[in-house]
Amino acid sequence: MTDFKRTLVTAALPYANGGVHIGHLAGVYVPSDIYVRYQRLKGRPVLFVCGSDEHGVPITIRARREGITPQQVVDRYHAIIKESFAAFGISFDIYSRTTSETHHRTASEFFRTLYEKGEFTEQESEQYYDEEAKTFLADRYITGECPHCHNPQAYGDQCEKCGRDLSPTELINPKSAISGSQPVMKKTKHWFLPLDRHQPWLTKWILEDHKEWRSNVYGQCKSWLDMELRPRAVTRDLDWGIPVPVEGAEGKVLYVWFDAPIGYISNTRELLPDEWQTWWKDPDTRLVHFIGKDNIVFHCIVFPAMLKAEGSYILPDNVPANEFLNLEDDKISTSRGWAVWLDEYLKELPGRQDELRYVLTANAPETKDNNFTWRDFQARCNNELVAVYGNFVNRALVLTNKYYGGEVPACGELTEADRAVIEEFRGVKAEVERLLDAFRFRDAQKEAMNLARIGNKYLADSEPWKVVKTDPERVKTILNLALQLVANLSIAFEPFLPFSSARLRAMIGLEAADWARLGDTDILPAGHRIGQPQLLFEKIEDATVEAQVQKLLDMKARNEAAAWKPAPVKSDIAFEDFERLDIRTAVVTACEKVKKADKLLCFTLDDGSGTPRTIVSGIAQHYTPDALVGKTVCFIANLPPRKLRGIESQGMILSAVGPDGTLSVITTEAPVHPGSPVA
RNA sequence: CGCGGAGUGGAGCAGUUGGUAGCUCGCCAGGCUCAUAACCUGGAGGUCACUGGUUCGAGUCCGGUCUCCGCAACCA
């Protein structure tokens with residue numbers, strides 16, 4: 001690791017159809033920024049590259065929905081994302097975008113090279129084509145009836161009602177979302193990256209040569225490599241993206257997954273037009289990808305296969321992927337509005353960047369999913385940043401101003417206790433470095449915080465406010481040491497909390513953070529003047545976090561209300577058709593969970609016939625088995641029996657479907673005899 | 001039996017190659033008063049999801065069960 005001459009750090013490219021939220025920050029941007037700042041402080045050459053990912057179908061869908069162009073969509077979000085990263089102190093060397101000229105050129109060249117080397121395979125397949133709009137249809141652009149739950153508005157890739165993944169050809173009565181016309185199957189040619197060809201070296205490279213990767217990363221790769229890798233299409237029929245640079249490929253663009261990671265390369269190239277190849281092709285460069293767990297396979301298998309196929313690039317040395325961050329015990333969801341957005345945080349809690357950085361690091365999902373709550377945010381800020389770190393700094397500075405008019409006193413003879421303290425905080429540097437080198441940011445930050453704990457304890461033990469009355473000389477040494485600890489804190493926290501470190505340095509008159517001096521006891525020379533102490537951190541009030549929680553709840557309610565609209569009324573049916581439906585009531589006599597099924601409950605019903613009726617119903621996620629026992633429900637009695645998970649279900653229990661998919665069983669307003677007809 | 005990750009005191013997390021369970025917060029008691037009612041000390045609180053096994057000895061290795069999270073054309 002120390003053999004590398006330089007480190008190239010990439011952070012996952014944010015997709016430019018929305019903002020950046022705390023999950024992205026905790027998973028990718030805060031840890032990568034800490035890592036890069038640390039490298040810079042160590043004086044190691046490092047480059048930190050990121051940018052917006054601006055192609056792909058979802059952006060075109062959003063553009064259509066809002067009646068603007070895809071370019072307008074990405075312009076808007078690119079600006080928001082870029083500004084909020086900058087304001088938050090994510091110190092990219094470059095934050096560019098995949099719609100840039102450099103990127104288009106770089107990605108095209110990359111494709112050309114692979115094409116000419118014969119690294120692709122070609123395949124013709126049949127895809128839906130919209131004859132009115134004269135375009136092939138992306139899966140998402142086709143709607144139709146779901147073959148499973150018969151939701152009439154399922155998409156070609158997924159049914160949002162039953163949650164199943166679909167392929168467009170499965171849809172009943174497919175329609176084009178663009179023109180509304182019926183699409184036809186038409187032949188189209190696409191290029192594929194044959195991952196199967198790369199399987200042997202990938203297997204060795206990861207499973208044998210990179211056993212040091214995080215267990216979540218290694219494990220996920222292993223599960224992929226244990227299967228047979230399949231060729232992956234690298235082109236699509238779409239008009240938004242990078243045109244496929246070969247003849248006969250009109251109307252085709254590079255698939256977004258192929259073009260996006262090349263963005264790392266293009267952005268480096270944009271920043272360093274003459275030297276970028278050193279950073280990407282010299283084996284002395286160490287390449288590190290910071291990503292979230294959903295991107296593991298992509299960055300460990302697919303992108304390396306692309307790089308290897310091209311032939312002249314280095315491969316990543318490590319891919320520290322984080323797990324997910326939940327928010328208030330619920331998963332973060334852009335579509336449900338359940339998120340804390342960075343741009344809003346910066347506006348609503350101005351000047352509080354480091355507080356968020358601290359909490360997201362202290363609670364980083366490094367080994368498993370973690371939870372962010374505003375209460376926890378407040379507690380960590382108040383009990384740790386304010387009470388431990390800020391308070392120690394304040395104590396040392398106030399005492400210095402009080403006794404010595406703001407001048408650093410000289411260090412006298414050291415006592416046994418002084419030496420013990422010095423010994424303790426000298427070790428912090430090596431420990432922080434060891435942890436950061438191992439991508440263990442949570443522990444590293446805790447170690448930095450330890451300096452403040454040492455300081456508080458030192459002051460409590462040595463009691464300068466008492467000693468000053470009996471032995472003023474001794475107090476000089478105590479405060480000298482305390483001030484050295486303060487100076488050390490400003491350096492140790494520099495990678496983690498750059499804003500407050502800068503403020504602290506300004507307060508004590510220290511010009512720059514010199515990492516090499518971390519652990520030293522003479523950073524502030526005797527006679528050096530410090531400034532007036534200001535509070536390094538201020539408490540977060542109850543009202544502040546309560547407002548944030550309320551905002552989340554409001555947003556959720558608003559989103560659910562806005563998202564819900566009654567489904568269009570289906571086409572008329574004959575009255576006889578209705579009469580053929582046999583709906584009845586029944587009383588639930590028993591109910592139990594169906595094994596190995598998440599959604600199914602098995603009901604035993606008294607339908608008045610004397611023989612118990614068994615119905616399996618997919619409502620286990622909304623009712624516990626005993627919740628409905630004794631209740632009257634409505635069911636359809638004349639559906640043909642159907643086996644579900646091996647149990648024969650004799651009918652269907654009726655429920656109302658809420659806007660968020662919750663189910664509420666239909667029951668009767670007053671008790672009725674089991675088996676009563678519903679009409 | 002699809003695959004991977006995870007399940008440790010009230011909360012959030014550590015536990016590297018197996019050796020009698022740690023940290024931060026919270027709680028209780030005491031101390032201190034320089035400090036943003038902050039700080040310091042002590043204490044209570046865990047059969048390390050459950051269950052078999054290997055071992056002199058397992059949170060740590062192996063088997064089984066349960067639960068949570070994630071899993072290529074939205075999302076870290």
Side-chain angles (χ1 to χ4, degrees), chain A residues 11-12 14-15 17-18 20-29 31 56-59 61-62 138-140 156-158 165 167 195 214-224 226-227 230 232-233 236 238 255-257 290-298 301-302 321-326 331-335 339 362-371 373 375-376 379-380 382-384 386-388 390-400 402-403 438 440 442-443 446 449-450 452-453 455-461 463-466 468 479 482 533 535-539 596:
Chain A
Y15 196 60
N17 77 335
V20 169
H21 57 62
I22 55 170
H24 301 117
L25 295 175
V28 175
Y29 305 106
V57 174
I59 282 168
I61 291 178
R62 179 180 278 271
D139 298 350
R140 195 84 196 173
D157 56 349
Q158 192 187 27
D165 287 336
S167 95
L195 288 176
R214 283 188 183 170
S215 60
N216 57 343
V217 177
Y218 188 90
Q220 178 119 86
C221 291
K222 186 170 186 311
S223 88
W224 269 68
D226 286 347
M227 300 183 292
R230 300 218 312 263
R232 239 184 113 108
R236 295 222 75 180
L238 192 72
Y255 214 149
V256 62
W257 68 259
F290 281 83
I291 54 166
K293 70 171 158 183
D294 54 340
N295 253 327
I296 289 173
V297 170
F298 194 75
I301 293 178
V302 181
N322 274 343
E323 302 286 300
F324 283 162
L325 188 71
N326 291 329
K331 61 177 83 165
I332 293 178
S333 162
T334 305
S335 52
N363 196 25
E366 287 177 9
T367 52
K368 65 173 189 188
D369 291 359
N370 273 341
N371 193 29
T373 67
R375 279 284 162 214
D376 179 61
R380 284 191 186 276
N382 293 355
N383 301 330
E384 297 176 30
V386 172
V388 177
N391 185 43
F392 168 62
V393 168
N394 196 39
R395 296 171 82 182
L397 299 192
V398 165
L399 287 172
T400 304
K402 198 162 169 179
Y403 298 154
R440 291 170 60 181
R442 200 169 49 193
D443 291 338
K446 197 182 275 183
M449 187 54 105
N450 212 22
R453 296 183 196 281
N456 276 319
K457 183 165 161 45
Y458 179 62
L459 287 183
D461 291 347
E463 301 182 305
W465 50 90
K466 265 189 195 167
V468 73
L479 279 179
L535 297 183
L536 195 54
F537 299 100
E538 285 184 59
K539 287 204 160 190
K596 305 250 175 207

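Every chain is numbered from 1 and lettered A, B, ... according to where its sequence line falls, protein lines coming before strand lines. Fair warning: this is a prediction, and the values are worked out from it, not measured in the lab.
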Identify each atom pair where a protein N or O and an N or O of nucleotides 4-10 of chain B are less than 3.5 Å apart, giving names and distance.
from, atom 1, to, atom 2, distance (Å)
G4(B), O2', Gln220(A), N, 3.4

Enumerate the protein-to-nucleotides 32-36 of chain B contacts in which both atoms are nitrogen or oxygen and the separation is below 3.5 Å.
from, atom 1, to, atom 2, distance (Å)
C34(B), O2, Arg395(A), NE, 3.1
C34(B), N3, Arg395(A), NE, 3.1
C34(B), N3, Arg395(A), NH2, 2.5
C34(B), N4, Arg395(A), NH2, 2.8
A35(B), O3', Asn394(A), ND2, 3.1
A35(B), O2', Asn391(A), OD1, 2.5
A35(B), O2', Asn394(A), ND2, 3.3
A35(B), N3, Asn391(A), ND2, 3.4
A35(B), N3, Arg395(A), NE, 2.9
U36(B), N3, Phe537(A), O, 2.6
U36(B), O4, Leu536(A), N, 3.4
U36(B), O4, Phe537(A), N, 3.3
U36(B), O4, Phe537(A), O, 2.8

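At a threshold of 4.0 angstrom between heavy atoms, the contacts of Tyr15(A) are confined to the sugar-phosphate backbone, with no base atom among them. Residue-level contact check: Arg442(A) touches the backbone only, with heavy atoms under 4.0 Å from sugar-phosphate atoms and none from bases. Here Leu325(A) lies in heavy-atom contact (under 4.0 Å) with a base. Across all strands, Pro464(A) comes closer than 4.0 Å to no nucleic acid atom at all (heavy-atom distances). Here Arg62(A) lies out of heavy-atom contact (under 4.0 Å) with every strand. Using a 4.0 Å heavy-atom cutoff across all strands shown, Ile332(A) reaches at least one base atom of the nucleic acid.
Spacing of C1' atoms, C25(B) relative to A6(B), comes out at 22 Å, to the nearest Å. With both ends at atom P, the span from C3(B) to U41(B) equals 50 Å, rounded to whole Å. Comparing U36(B) with C40(B), their P atoms are spaced 16 Å from each other, to the whole Å.
For Asn456(A) and Arg395(A), the side-chain atoms include at least one donor-acceptor pair closer than 3.5 Å.
Note on ring orientation: taking the six-membered ring where Trp is involved, the planes of His24(A) and Tyr29(A) are tilted (angle from 30° to 60°).
Taking 4.5 Å as the limit, some side-chain heavy atom of Val20(A) sits within range of a side-chain heavy atom of Leu25(A). Residues Trp465(A) and Tyr403(A) have side chains in contact (heavy-atom distance under 4.5 Å, counting atoms from C-beta outward). Put simply, the side chain of Asp376(A) reaches to within 4.5 Å of the side chain of Asn363(A), judged on heavy atoms. By the 4.5 Å heavy-atom criterion applied to side chains, Arg236(A) and Val57(A) are counted as neighbours. In this structure, Val386(A) and Glu538(A) have side chains that are not in contact, with every pair of non-hydrogen atoms separated by 4.5 Å or more. At a threshold of 4.5 Å between non-hydrogen side-chain atoms, the residues Met449(A) and Val388(A) count as touching. Counting heavy atoms from C-beta outward, Arg232(A) and Trp257(A) have side chains that approach closer than 4.5 Å.
Put simply, Asn371(A) has no side-chain N or O that comes within less than 4.0 Å of OP1 or OP2 on A11(B).
Residue Asn322(A) is tested with Lys293(A), Glu366(A), Arg214(A) for a side-chain hydrogen bond (donor to acceptor under 3.5 Å, both in side chains); the sole match is Arg214(A).
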Reading RNA chain B 5' to 3', how would its secondary structure be written in dot-bracket notation, given Watson-Crick and G-U pairs with both distances under 3.5 Å, brackets [ ] for crossing pairs and | for partners on other strands? .((((((..((((........)))).(((((.......))))).....(((((.......))))))))))).....
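Between the CH2 atom of Trp257(A) and the P atom of C74(B) there is a distance of 14 Å, rounded to whole Å. Across the protein-nucleic acid pair, Asn383(A) atom CG and U24(B) atom P stand 13 Å apart, rounded to whole Å. Residue Phe298(A) contributes atom CZ, which lies 13 Å from atom P of A72(B) at whole-angstrom precision. Atom CG in Asn382(A) sits about 20 Å away from atom P in G12(B), given to the nearest Å. Put simply, CG on Asn450(A) is 17 Å from P on G22(B), counting in whole angstrom units. Between the CZ atom of Arg440(A) and the P atom of U16(B) there is a distance of 9 Å, given to the nearest Å. Here C69(B) presents its P atom at 9 Å from CG of Asn326(A), a figure rounded to the nearest Å. If you take CD1 of Ile301(A) and C1' of C3(B), they are 12 Å apart, rounded to a whole angstrom.
With hydrogens and angles ignored, the 3.5 Å screen pairs a side-chain donor or acceptor of Arg442(A) with a backbone N or O of Ala364(A).
With the nearest nucleotide of RNA chain B identified for both Val297(A) and Arg380(A), Arg380(A) has the one nearer the 5' end.
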